[in-house]
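See structure below.
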Amino acid sequence: MDDKTVLGRISELVDEEHKLRRQLSDGKISSDEEHTRLKDLEESLDQCWDLLRRRRAARDAGHDPDVEQAHSTAEVEGYIQ
């Protein structure tokens, strides 16, 4: 997955997040449904941002960014801030 593809996926996920918020405000989904789906979206966004950062770091270090692969949700969510 190249940078453009990762950025495109991030954009799709953000659009989906906005759609969920609209659906909640329009009464089309419950807050429980929104929270469940938002959690999934946030985890997917974290994975994408992590992959993008690692690709950029690899490139800056003179390495092939295409070697970088997405880490599991559990791994990304387990990073210490």
Side-chain angles (χ1 to χ4, degrees):
M1 193 180 298
D2 63 10
D3 291 3
K4 185 177 178 179
T5 303
V6 176
L7 287 167
R9 181 68 180 137
I10 289 169
S11 180
E12 290 170 3
L13 291 167
V14 169
D15 289 346
E16 189 171 345
E17 179 183 4
H18 294 161
K19 180 181 172 185
L20 277 173
R21 293 188 189 283
R22 278 192 307 274
Q23 288 176 332
L24 177 65
S25 68
D26 292 343
K28 294 180 180 177
I29 61 172
S30 70
S31 61
D32 287 342
E33 289 173 300
E34 183 213 26
H35 288 295
T36 299
R37 185 62 188 130
L38 280 176
K39 181 181 180 297
D40 294 340
L41 286 172
E42 289 169 358
E43 289 173 351
S44 293
L45 278 166
D46 289 347
Q47 278 183 298
C48 288
W49 283 116
D50 175 65
L51 176 57
L52 189 60
R53 281 190 296 272
R54 287 186 297 103
R55 287 181 54 80
R56 288 174 175 170
R59 189 177 299 109
D60 289 347
H63 301 290
D64 181 5
D66 293 332
V67 173
E68 297 298 328
Q69 299 294 316
H71 288 175
S72 71
T73 300
E75 185 172 357
V76 172
E77 293 303 313
Y79 290 160
I80 297 173
Q81 296 290 325

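Just so it is clear, the structure is predicted and the values come from calculations on it, not from any experiment.
Residues satisfying the side chain to side chain contact (heavy atoms under 4.5 Å, CB included) criterion with Thr73, sequence neighbours excluded, are Glu43, Gln47, Glu77. Thr5 pairs by the side chain to side chain donor-acceptor pair (under 3.5 Å) definition with Asp2, not counting sequence neighbours. Shown here are the salt bridge (charged side-chain N to carboxylate O under 4.0 Å, His left out) partners of Glu12, two or more places apart in sequence or in another chain: Arg9. Every side chain to side chain contact (heavy atoms under 4.5 Å, CB included) that Asp32 has, sequence neighbours left out, goes to Ser30. Listed by chain and residue number, Glu16, Leu20, Asp40, Leu41 satisfy the side chain to side chain contact (heavy atoms under 4.5 Å, CB included) test with Arg37 (two or more places apart in sequence, or in another chain). Annotation: side chain to side chain contact (heavy atoms under 4.5 Å, CB included) contacts of Ser25 (sequence neighbours excluded): none. In this structure, Gln23 has no side chain to side chain donor-acceptor pair (under 3.5 Å) partners at least two apart in sequence or on a different chain.
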Problem - side-chain contact (heavy atoms from CB on, under 4.5 Å) between Lys19 and Arg22, worked out - result: CA-CA 5 Å; Lys19 180 181 172 185; Arg22 278 192 307 274; 3.7 Å; yes
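Minimum heavy-atom separation, Cys48 to Val6: O-CG1, 3.4 Å. Residues Ala58 and Pro65 approach most closely at CB-CA, 4.0 Å, considering heavy atoms.
To the nearest 0.5 Å, atom CD of residue Glu42 and atom NE2 of residue His35 are 10.0 Å apart. In this structure, CZ on Arg21 lies 7.5 Å from NE2 on His18, to the nearest 0.5 angstrom.
The cluster map of Ile, Leu, Val, Met, Phe, Trp and Tyr, joined by side-chain heavy atoms under 4.5 Å apart, puts Val14 and Val76 in different clusters.
Residue pairs satisfying the side-chain hydrogen bond (donor to acceptor under 3.5 Å, both in side chains) criterion with at least one member in residues 58-70, sequence neighbours excluded, are listed as follows: Asp3-Arg59, Arg54-Glu68, Arg55-Asp66.
A 4.5 Å side-chain heavy-atom check between Tyr79 and Asp46 finds every atom pair outside the cut-off. Side-chain contact check for Glu17 versus Leu38: some heavy-atom pair is nearer than 4.5 Å.
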